[in-house]
Structure formats: C-alpha cells, structure tokens
Chemist: 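The structure follows.
As a basis for the values below, the full set of heavy atoms in this structure was taken, side chains included, without hydrogen atoms, waters or symmetry mates.
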Amino acid sequence: EAVFTNIFGGSGEAWADATKGPVTRKVLSDALFAVDKAKGKRRWTRRKGLIINPTLTVGGGTLYFLECRNKKVMAGAARAVESPELWKDLWLVAGDPSTGKQEWEREIAPTAGSVVVYLSWAKDTLLLLCSGSKYHVYAYSARDGEDLWHQSHGWPNTHHGRHMQHPAVVGEVVYVRPRGYKIADGSIVTESVPDGGCGTISACANTMTFRAGNIRMWDPASGKSSDWARLRPGCWLSTITAGGMLLAPEAGGGCSCAGWFETSIGFLRKEEGQ
C-alpha cells in the first residue's frame, strides 16, 4: 500500500499543500535489482536496508541512494512511512549499476525531510534536499561521501508546491527557490529566483522553465524572463527542456483554471541571425 492513489483533498490535504500526513510519506523499497534487458534475466539484487525511492540517482556512471537501516522501520509492514525513525540509521550508498557492487557507504544525519527528500548529482557532487520546516541543502562528495557544505533557507510559501520544490541545476549553480547556491562551495549566488505557480522547475544548460501563470523561461545570467501567454503547464512538471527543444504537452484540459490554449506545442532554439 505504498502507491499514492489520492492526490486531492481539502485544505492542507492536497499533495501540493500538505506539510504532514499521508501524502508526505516516503515510499520505500525492500530491494533494488537490475535486469539484463537483452536476456531478461536478473543480474543482481541488493537487499540490506530500506531504499528511499525518491533518492535513487545515477551520475558519472554510479548509482546513489539513501538507505534506512533502522530496525523498527524495517520490521514494520508499512512501506509508505512518515515516522521520525526513518531519519535514524540513515546511510548514503554508492554502487556500480552494472554489477550491483557497493563502492562506498557513509552514515549521515541530515535534518528530517518530513515533507520531501530528493537526491541529485552534478559536478561530481551529491546534492541532498530535505524539506521539513524549511529547505536544507547538503552537498557530499560523489567520490566518497565526504561532507562538503550545508545551507538552509525558508520556504517561499506552503501551498502549490512551494515547499516541495525539486532542486534545478543550471551550470555551476543549484537552484531551490528563492536561492541559488554555487555547487563548489555552497556560497549564495542569488536570492531572487522568480516565484512561480503550481509545481517545480525544469532546467537545462543555461535556463530554467516553470509555471508562472503561463509557461515562463528565465535566464539566470541576465535575470530576464520570456512568457508564452495562455500556454499552461501542468500542476507539477509538464514542460520539459530536452534534446535542444522545449516540449510543452497539453496539461490544462479539465482544470478549473480556464482560458488556456488546450494544445501541445514544441519550441526549437532560435539560432543567431534568425
């Protein structure tokens, strides 16, 4: 019963507004395994602690995740957990995704991510975001798990996902609204990341895209924005920057917010001189 089946509710119960309760529970797995896609046979299985699913990350050819080894949590039947014990006996693990062989592990003790927890890889660095009563961003070396830096800041708000933002990496900076931190040392680059509407951020090499009434693209270097009026992204993340394009599949049909062009659209990069 770890699958989310109800994302709507009254005030404080909906997935984008809650700070506690069923929709903030962390989904855990008893085992992690790999299957040979050519032969259809299982190559390896890891069964040690409980893997926190939203922390599964691949970067630089290595697989990373957080693993809870707390005996009380492991002995329980629940695999969607909000217990404070989840944040005890917590290990950061790195392994080879081809063989399943563990490369290193390190016990860590971050602030509880009681609302959301995410792990990202960038610049040979692991970035752990824990959101409880505010945002906490931890940086660890992807080579051995060494502590690099820790920063924290308050939520922009507690509704429409503003306290559930996924970090976005653009160049040398990791952005968590309203701040941007330099990945190398955690220094504050900006405290003026634009606020948006529902949902989180999509990023590519030099820009960020998010919902701010319409589809909005923001250039961190210049601080300038571009908007496409009446094109509505989905309530979490439907506008994707990938493969040199901005892809915006229709996500507004049936929403109580009216007045949108209910159409899918793709944008190509404008070359110089065009």
Side-chain angles (χ1 to χ4, degrees), residues 19 24-29 32 46 48-70 73 80-95 97 102-156 161-189 193 200-201 203 208 237:
T19 58
T24 64
R25 292 172 183 166
K26 307 300 166 291
V27 178
L28 313 177
S29 291
L32 182 64
R46 177 188 176 88
K48 190 170 184 179
L50 296 177
I51 295 156
I52 303 178
N53 287 6
T55 67
L56 284 163
T57 302
V58 175
T62 301
L63 172 67
Y64 305 92
F65 52 88
L66 288 187
E67 189 173 67
C68 175
R69 300 178 190 169
N70 182 269
V73 178
V81 175
E82 58 179 324
S83 166
E85 277 77 19
L86 176 62
W87 308 100
K88 300 174 182 178
D89 306 306
L90 197 63
W91 293 76
L92 180 60
V93 181
Q102 181 175 296
E103 296 180 2
W104 55 260
E105 64 177 22
R106 187 165 184 271
E107 189 171 13
I108 61 173
T111 298
S114 53
V115 178
V116 290
V117 59
Y118 303 117
L119 188 65
S120 306
W121 179 96
K123 308 297 181 184
D124 208 24
T125 302
L126 292 171
L127 299 163
L128 176 66
L129 177 85
C130 293
S131 178
S133 59
K134 61 167 67 174
Y135 283 124
H136 289 265
V137 185
Y138 299 86
Y140 304 94
S141 168
R143 298 176 184 177
D144 56 14
E146 177 190 358
D147 285 302
L148 299 178
W149 53 265
H150 167 221
Q151 286 276 23
S152 64
H153 62 270
W155 295 328
R162 286 171 172 84
H163 56 311
M164 296 181 169
Q165 297 288 299
H166 195 290
V169 173
V170 180
E172 306 292 327
V173 180
V174 56
Y175 293 92
V176 182
R177 285 179 177 139
R179 284 188 179 179
Y181 297 108
K182 192 171 182 180
I183 295 172
D185 58 14
S187 57
I188 300 171
V189 175
V193 180
T200 191
I201 296 169
M208 289 161 47
L237 180 63

Chemist: With side-chain contact (heavy atoms from CB on, under 4.5 Å) as the test, pick out the partner of Ile108 among Tyr140, Trp91, Trp87.
Modeler: Tyr140
Chemist: State, with a plain yes or no, whether a side-chain heavy atom of Trp121 is found less than 4.5 Å away from one of Thr62.
Modeler: no
Chemist: For Ala168 and Ile201, which heavy atoms make the closest approach, and how far apart are they?
Modeler: CB-CG2, 3.7 Å
Chemist: With side chain to side chain contact (heavy atoms under 4.5 Å, CB included) as the criterion, how do Leu92 and Leu119 come out once you've worked through the C-alpha distance, each side chain's angles and the decisive distance to 0.1 Å?
Modeler: CA-CA 10 Å; Leu92 180 60; Leu119 188 65; 4.1 Å; yes
Chemist: Are any of the side-chain heavy atoms of Lys48 and Glu67 separated by less than 4.5 Å?
Modeler: yes
Chemist: Take Arg25 and Val81, measure what side chain to side chain contact (heavy atoms under 4.5 Å, CB included) needs, and give me the verdict at the end.
Modeler: CA-CA 5 Å; Arg25 292 172 183 166; Val81 175; 5.7 Å; no
Chemist: To the nearest 0.5 Å, what is the distance between OH on Tyr64 and CD on Glu103?
Modeler: 7.0 Å
Chemist: Does Arg106 reach the main-chain N or O of Gly145 with its side chain, forming a donor-acceptor pair under 3.5 Å?
Modeler: yes
Chemist: Applying salt bridge (charged side-chain N to carboxylate O under 4.0 Å, His left out), which residue pairs with at least one partner in residues 124-142 are found, sequence neighbours left out?
Modeler: Asp124-Arg143
Chemist: Identify the heavy atoms of Ile183 and Gly171 that sit nearest to each other, and give their distance.
Modeler: CD1-O, 4.2 Å
Chemist: Minimum heavy-atom separation for Val193 to Met208, with atom names?
Modeler: CG1-CE, 3.8 Å
Chemist: Which one of Leu86, Ile51, Leu28 satisfies the side-chain contact (heavy atoms from CB on, under 4.5 Å) criterion with Cys68?
Modeler: Leu86
Chemist: Rounded at 0.5 Å granularity, tell me how far CD in Gln102 sits from CD in Glu105.
Modeler: 4.0 Å
Chemist: Just verifying a value: how many Å separate Arg69 CZ and Glu107 CD, rounded to the nearest 0.5 Å?
Modeler: 8.5 Å
Chemist: List the residues meeting ring pair (Phe, Tyr, Trp, His ring centres under 6.0 Å) with Tyr118, not counting sequence neighbours, and say none if there are none.
Modeler: His166
Chemist: Return a table of donor-acceptor pairs under 3.5 angstrom between the side chains of residues 125-133 and protein atoms on other chains or two or more places apart.
Modeler:
| residue | atom | partner | partner atom | Å |
| --- | --- | --- | --- | --- |
| Thr125 | OG1 | Lys123 | O | 3.1 |
| Ser131 | OG | Trp155 | NE1 | 2.9 |
| Ser131 | OG | His163 | O | 2.8 |

Chemist: Who are the side-chain contact (heavy atoms from CB on, under 4.5 Å) partners of His153, not counting sequence neighbours?
Modeler: Tyr135, Val176, Pro178, Arg179, Tyr181
Chemist: Can you name the side chain to side chain donor-acceptor pair (under 3.5 Å) partners of Glu85, sequence neighbours left out?
Modeler: Ser83
Chemist: How far does OG of Ser141 sit from CG of Leu148, to the nearest 0.5 angstrom?
Modeler: 6.0 Å
Chemist: Measuring only between side-chain heavy atoms, which start at C-beta, is Pro167 closer than 4.5 Å to Val169?
Modeler: no
Chemist: Please determine whether side chain to side chain contact (heavy atoms under 4.5 Å, CB included) holds for the pair Val115 and Met164, giving the CA-CA distance in whole Å, both sets of side-chain angles, and the decisive distance to 0.1 Å.
Modeler: CA-CA 7 Å; Val115 178; Met164 296 181 169; 3.8 Å; yes
Chemist: For residues Val117 and Lys26, determine if any side-chain heavy atom of one lies less than 4.5 Å from a side-chain heavy atom of the other.
Modeler: yes
Chemist: Say you draw a straight line from OG of Ser187 to NZ of Lys182; how long is it, rounded to the nearest 0.5 Å?
Modeler: 5.5 Å
Chemist: Minimum heavy-atom separation for Ala203 to Val170, with atom names?
Modeler: CB-CG2, 3.7 Å
Chemist: Under a 4.5 Å cut-off applied to non-hydrogen side-chain atoms, are Leu32 and Leu56 in contact?
Modeler: yes
Chemist: Please answer whether the main-chain N or O of Thr19 pairs with a side-chain N or O of Thr24 as donor and acceptor at a distance below 3.5 Å.
Modeler: no
Chemist: Let's go through Val137 and Trp149 carefully: what are the C-alpha distance in whole Å and the side-chain angles of both, what is the deciding distance for side chain to side chain contact (heavy atoms under 4.5 Å, CB included) to 0.1 Å, and is it a yes or a no?
Modeler: CA-CA 8 Å; Val137 185; Trp149 53 265; 3.9 Å; yes
Chemist: If only atom types and distance count, is the side chain of Thr57 paired as donor or acceptor with the main-chain N or O of Thr55 below 3.5 Å?
Modeler: yes
Chemist: Suppose the criterion is salt bridge (charged side-chain N to carboxylate O under 4.0 Å, His left out): which pairs have a residue in residues 51-64, not counting sequence neighbours?
Modeler: none
